[in-house]
Amino acid sequence: MSELTVMTIFGTRPEAIKMCPLVRELDGRPGIRSLCCVTAQHREMLDSVMEIFGRKAHLALDIMEPRQTLTTITAKCLTGMEEVLRQARPDLVLVHGDTSTTFSGALAAFYHQIPVGHVEAGLRTYDKWSPYPEEMNRKLVGAIADLHFCPTAANRDNLRRENITQGVFLTGNTVIDALGTTVTDGFRFQEPLLNELDYTARKVILVTCHRRENYGEPMAAIMTALRRVVDAHPDTELVYPVHLSPVVQEAAHKYLDGHPRIHLIAPLAVDEMHNLMARCHLVMTDSGGLQEEAPALGKPVLVLRRETERPEAVAAGTVQIAGVEQEQIVALASRLLEDPEAYRAMAHAVNPYGDGHACRRIADAIEWHFGLRDQPPEPFGA
Ligand code: UD1
Ligand code: UDP
């Protein structure tokens with residue numbers, strides 16, 4: 001084979017954050033022609049990440065609509081990818097994680113009989129409704145994919161239980177590679193509030209909440225709990241960069257507006273987010289990515305969900321499942337804010353998700369699979 005054409009496909013903020021470092025790695029490999037295709041399932045939140053990592057899409061769909069349904073996203077991605085794949089004819093398509101873009105990108109490649117590599121493979125809750133629709137998306141992509149890049153040994157073992165044993169590589173998570181480039185000493189924020197906050201005298205609670213399975217009652221309970229926590233602790237400031245989803249915007253403003261120590265702000269650029277995380281006291285979130293990043297930065301995390309597909313940091317003691325019930329969330333947050341021992345027990349840096357070399361391993365594994373390299377990469381953690 002002369003030159004290997006590898007097409008990365010992604011469309012949402014977290015996929016972009018975790019795929020841009022890999023695109024950079026692939027761009028630097030002489031034997032690889034690297035093509036980047038975005039679906040723009042997200043628009044503003046995707047563009048911001050591409051800009052920070054200095055990447056440009058070679059091919060782009062433009063599918064975002066306000067309040068888009070899962071059916072619309074999937075159908076538009078699948079149809080749009082048809083022409084892209086017919087023209088570019090890559091040797092390998094890479095998708096990431098578990099979004100609608102991930103699933104439709106993998107399915108579109110399969111329909112064109114193009115091999116698929118799944119980055120961040122093997123995460124499972126074994127509950128098809130939580131996270132919804134992500135658990136089903138990643139299982140379906142696992143069934144389609146030829147190469148599986150697992151962040152952790154537990155992810156690899158999940159695939160083994162599904163009899164997926166070929167083409168599986170233990171690489172670490174590319175989010176840790178991303179984190180290595182964004183967090184810097186003396187970082188100055190674009191968002192003025194973040195320069196003004198006193199991170200020593202005040203306990204800054206960083207919040208994000210956006211998941212579909214939390215829409216409605218769970219989100220109302222979470223928001224009410226957050227307000228109660230801030231009310232009960234005068235030394236706290238809550239910073240919540242609110243996801244652009246209209247459903248999330250409505251809930252956040254309904255329950256959290258008009259409080260002097262609750263700051264609802266626009267979504268942050270990824271470097272701002274990572275540096276805020278590095279300075280805050282506590283993270284409360286239903287995000288997947290934050291559960292990986294905050295432990296690496298030594299910040300305790302309360303997960304605003306019933307379960308997690310990322311048990312490694314729970315086992316390491318820095319992440320706790322807080323659930324979606326008001327009383328439990330208030331109780332767990334209050335304990336961390338009031339009991340220095342409980343806080344210290346959770347606030348230590350652990351890195352079960354990667355060592356910053358995931359992108360190199362993934363690119364090496366691809367080259368090895370296609371005969372461009374003699375040896376496979378050493379597994380993460382070996
Ligand atoms: C999607 C993913 C979810 C991931 C999340 C990361 C699916 C099914 N869900 O959920 O796995 O955790 O992204 O954030 O793929 N919007 C904008 N501008 C943007 C981005 C979003 O206006 O830049 C608004 C639009 O009104 C859009 C809505 O947000 O309709 C929801 O976006 P969507 O991609 O459908 O779902 P997410 O909840 O973002
Ligand atoms: N993030 C960001 N700005 C924000 C909120 C989140 O850059 O205002 C980053 C965060 O650091 C993480 C990723 O976005 O890397 C997580 O994305 P999100 O929570 O949207 O999705 P999930 O990880 O839950 O799929």
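In listed order, ligands and their atoms are each counted from 1. Please read these numbers as outputs of a predicted model, since none were measured by experiment. Only heavy atoms go into these numbers, but all of them, side chains included; no hydrogens, no water, no symmetry mates.
The shortest contact between atom 23 (O) of ligand 2 and any protein heavy atom is with Gly289 N, 2.8 Å. Closest protein heavy atom to atom 15 (O) of ligand 2: Glu293 OE2, 2.5 Å. Counting protein heavy atoms only, atom 27 (C) of ligand 1 is closest to Glu65 O, 3.6 Å. Looking from atom 9 (C) of ligand 2 to the surrounding protein, the closest heavy atom is Ile17 CD1, 3.5 Å. Closest to atom 36 (O) of ligand 1 among all protein heavy atoms lies Arg212 NH2, 3.3 Å. Protein heavy atom at the shortest distance from atom 18 (N) of ligand 1 is Glu44 OE1, 2.7 Å. At the shortest separation from atom 3 (C) of ligand 1 among protein heavy atoms lies Glu134 OE2, 3.1 Å. In this structure, atom 31 (C) of ligand 1 lies nearest to the protein heavy atom Ser245 CB, 4.0 Å. Of the protein's non-hydrogen atoms, the one nearest atom 21 (C) of ligand 1 is His42 CD2, 3.6 Å. Given atom 4 (C) of ligand 1, the protein heavy atom at minimum distance is His210 CE1, 3.8 Å. Protein heavy atom nearest atom 4 (C) of ligand 2, with residue, atom name and distance: Arg13 NH1, 3.1 Å. From the protein, the heavy atom lying nearest to atom 7 (C) of ligand 1 is Gln41 NE2, 3.4 Å.
In summary, the side chains of Glu134 and Thr99 do not present any donor paired with an acceptor at a separation below 3.5 Å, with no hydrogens or angles considered.
Between Leu268 and ligand 2, an N or O atom pair is found at a separation short of 3.5 Å. Inclusion of Met45 in the set of residues having an N or O under 3.5 Å from an N or O of ligand 1 is warranted. Between Leu290 and ligand 2, a contact under 3.5 Å exists for no N or O pair. Considering backbone and side-chain atoms alike, Ser287 places an N or O below 3.5 Å from some N or O of ligand 2. Here's the thing with Arg67: one of its N/O atoms is less than 3.5 angstrom from an N/O atom of ligand 1. Residue-to-ligand polar distances keep Pro14 apart from ligand 2: every N/O pair is separated by 3.5 Å or more. No N or O atom of Asp286 sits closer than 3.5 Å to an N or O atom of ligand 2. Looking at Arg211 next to ligand 2, an N or O pair under 3.5 Å apart turns up.
Numbered from 1 in the order shown, with element, the atoms of ligand 1 that lie under 4.0 Å from a heavy atom of Pro246 read 26 (O). Listed by number with element, the atoms of ligand 1 under 4.0 angstrom from any heavy atom of Leu70 are 8 (C).
When each of Leu26, Ile114, Asp91, Leu85 is checked for a side chain to side chain contact (heavy atoms under 4.5 Å, CB included) with Met7, only Leu85 meets the rule.
The residue Glu272 has no part lying near ligand 2, judged by heavy-atom distances below 4.0 Å. At a 4.0 Å heavy-atom cut-off, ligand 2 does not touch Glu134 at all.
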